[in-house]
Amino acid sequence: MKALLLALLLLAATARAGGETVKFGDVLNQKFHHPRCLNCHQFNSARHQGRAFNSHSARYLCDRCHSANLTGLRHGEWMAPPEEMDWTDLDARATCMLIKRNLDGDDQAANLLAHLLGDVRVRWALDNGMTPGGRFPHVPGGYAEFSRQAREWVGDGMACE
Ligand code: HEC
Ligand code: HEC
């Protein structure tokens with residue numbers, strides 16, 4: 001009888017764990033806050049001493065140094081987002097809300113997934129990390145792990161918390 005109860009309890013626990021919604025903070029938030037993503041997203045932020053206010057006196061013509069043969073990106077693709085897209089000091093929930101707020105279009109889930117899986121800069125951060133100053137460590141787990149986790153999160157409803 002005891003064993004049966006225990007088995008039932010275990011079953012219930014597994015069912016609950018399996019049915020839990022995937023949240024942004026589970027695994028993705030940590031990756032968004034990896035320096036390969038952050039250093040570009042905070043580029044134009046004075047508050048966080050982004051590169052534009054720090055190591056980079058030349059803020060234009062990024063490709064002159066971040067050339068295609070270094071980054072693997074095409075001409076014009078290496079650029080930094082506006083300051084509003086700097087999530088440096090935001091927690092998981094706020095980071096999640098920010099990237100969702102910036103989304104437009106009818107099919108937000110498809111748009112966000114297309115960006116996360118298809119954007120060349122995201123891909124660079126996940127698998128490459130090459131700069132004119134040498135190669136910086138890419139996001140651990142690379143594209144393979146990130147794309148699986150992004151699919152799970154978006155497929156489960158893009159929950160922020
Ligand atoms: C080389 C600079 C650079 C790197 C590195 C970079 N991004 Fe971005 N990111 C951008 C730019 C530029 C935009 C704005 C693109 C646009 O407006 O089309 C952007 C936009 C985004 C958006 C918003 C999409 C939207 O429509 O609001 C998300 C989400 C995002 N990046 C995630 C990431 C993640 C995650 C990483 C790291 C794995 C990363 N980015 C690395 C430059 C970068
Ligand atoms: C004069 C050459 C030069 C120009 C022009 C240049 N960069 Fe850089 N960039 C570098 C060097 C060298 C590094 C490595 C040293 C460092 O991290 O500051 C670097 C590093 C970076 C990093 C840090 C990457 C990381 O993941 O840590 C970002 C982001 C960046 N540059 C963005 C830009 C953007 C955006 C532009 C154009 C608005 C630009 N750079 C223009 C030379 C340049």
Side-chain angles (χ1 to χ4, degrees), residues 22-161:
V22 179
K23 295 183 287 299
F24 185 77
D26 292 347
V27 281
L28 280 183
N29 182 58
Q30 211 189 339
K31 301 206 164 171
F32 271 62
H33 286 263
H34 184 276
R36 289 297 77 63
C37 305
L38 268 192
N39 289 341
C40 199
H41 272 262
Q42 65 178 209
F43 185 87
N44 288 305
S45 162
R47 208 157 51 92
H48 294 125
Q49 280 297 294
R51 291 278 199 296
F53 302 89
N54 180 346
S55 61
H56 282 53
S57 52
R59 297 194 197 166
Y60 307 100
L61 303 172
C62 312
D63 291 329
R64 249 185 41 220
C65 302
H66 296 266
S67 57
N69 62 341
L70 267 186
T71 61
L73 274 57
R74 284 199 305 250
H75 187 74
E77 288 179 331
W78 183 270
M79 55 182 172
E83 193 183 354
E84 301 86 71
M85 294 234 55
D86 174 22
W87 53 67
T88 301
D89 57 355
L90 302 185
D91 63 14
R93 181 173 175 275
T95 304
C96 177
M97 309 255 282
L98 176 76
I99 62 167
K100 283 171 44 169
R101 189 192 67 198
N102 282 323
L103 275 178
D104 47 19
D106 297 333
D107 199 345
Q108 300 208 340
N111 289 346
L112 186 55
L113 201 58
H115 184 82
L116 294 179
L117 303 188
D119 186 89
V120 287
R121 293 162 292 253
V122 172
R123 191 67 188 249
W124 171 89
L126 292 170
D127 282 340
N128 187 339
M130 193 63 180
T131 78
R135 197 181 296 279
F136 295 178
H138 64 77
V139 181
Y143 181 78
E145 190 179 273
F146 183 86
S147 57
R148 180 172 50 74
Q149 294 170 336
R151 272 198 198 93
E152 279 169 9
W153 174 62
V154 173
D156 216 9
M158 306 194 288
C160 285
E161 56 189 348

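One-based numbering, in listed order, for ligands and for the atoms of each. Values in this document were obtained by computation on a predicted structure and should not be read as measured data.
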Atom indices of ligand 2 within 4.0 angstrom of [X] heavy atoms, with elements:
X: Leu61; value: 5 (C)
X: Cys65; value: 1 (C), 2 (C), 3 (C), 4 (C), 5 (C), 42 (C), 43 (C)
X: Gly133; value: 12 (C), 14 (C)

Q. Take atom CD in Glu152; do more than 12 heavy atoms of anything else shown fall under 6.0 Å from it?
A. yes

Q: Classify the angle between the aromatic ring planes of Trp78 and His66 as parallel (below 30°), tilted (30 to 60°) or perpendicular (above 60°).
A: parallel

Q: Can you label the angle between the His56 ring and the Phe43 ring as parallel, tilted or perpendicular, going by 30° and 60°?
A: perpendicular

Q: May I ask you to check whether Phe53 and His48 place their ring centres under 6.0 Å from each other?
A: no

Q | Neighbour list for ligand 1 [protein residues, heavy atom under 4.0 Å] | A | Phe32, Arg36, Cys37, Cys40, His41, Trp78, Met79, Ala80, Pro81, Met85, Trp87, Ile99, Asn102, His115, Arg121, Val122, Trp124, Ala125

Q: Using side-chain hydrogen bond (donor to acceptor under 3.5 Å, both in side chains) as the criterion, point out the one residue from His138, Arg123, Arg135, Arg121 that pairs with Asn128.
A: Arg135

**Q.** Pair Glu161 + Lys23: basic N to acidic O under 4.0 Å
**A.** no

Q) In terms of side-chain geometry, is the basic nitrogen of Lys31 or Glu145 positioned less than 4.0 Å from the acidic oxygen of its partner? A) yes

(Q) To the closest 0.5 Å, what do you measure between NE2 (His33) and OG1 (Thr95)? (A) 3.0 Å

Q | Any N or O of Arg51 closer than 3.5 Å to N or O of ligand 2 | A | yes

